[in-house]
Amino acid sequence: QVQLVESGGGLVQTGGSLRLSCAASGRTFSRHAMAWFRQAPGKEREFGAAINWSGGGTHYADSVKGRFTISRDNAKNTVYLQMNSLRHDDPAVYYCAGGCYSTRYIDHAYWGQGNQVTVSS
């Protein structure tokens, strides 16, 4: 079974950038589509970005499109989320997820532990 370990979260000022990484164990990583979700306190888990198994197809939520970029390196079993132009509504716990190319969190079988992203004014 795939295990996902996230890193790269932290504190950044408004307008700054941050890159999240999600490293997967298991030889089947390249077979899985991957996604990033986020959840702010008191809010539902929200879809952010998804990438298909090859990395050639991506999809973004309107709230992050043009600012965030999802990518993957199957040779390193890692998926990334490059976050630029961070703003006040981006702070949340960010979760890496895998399983299928879907915007719905219930469709994903594998989850990272969560990674806190904080944006200061």
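What you see is a predicted model, and the numbers here were worked out from it, not measured in a lab.
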Determine whether [X] and [Y] make a side-chain contact, defined as any pair of heavy atoms from C-beta on separated by less than 4.5 Å.
X	Y	result
Val117	Met83	yes
Tyr95	Leu4	no
Trp36	Val64	no
Ser120	Leu11	yes
Gln82	Ser17	yes

In terms of ring plane angle, is the pair Phe37 and Phe47 parallel, tilted or perpendicular, where the classes change at 30° and 60°?
-> perpendicular

Anything under 30° is parallel, anything over 60° is perpendicular, the rest tilted; go ahead and classify Tyr110 against His32.
-> perpendicular

Which atom pair, heavy atoms only, marks the closest approach of [X] to [Y]?
X	Y	value
Tyr60	Ile70	OH-N, 2.9 Å
Ala40	Pro91	CB-O, 3.9 Å
Tyr101	Thr58	OH-C, 3.1 Å

Supply the atom-to-atom distance [X] [atom1] to [Y] [atom2], rounded to the nearest 0.5 angstrom.
X	Y	atom1	atom2	answer
Glu46	Asp89	CD	CG	8.5 Å
Met34	Leu81	CE	CG	11.5 Å
His59	Lys65	NE2	NZ	8.0 Å

So Lys76 and Ser21, side-chain contact (heavy atoms from CB on, under 4.5 Å) or not? Walk me through it.
-> CA-CA 11 Å; Lys76 297 181 178 180; Ser21 298; over 6 Å; no

Arg67 side chain to Ser85 backbone, donor-acceptor under 3.5 Å | yes

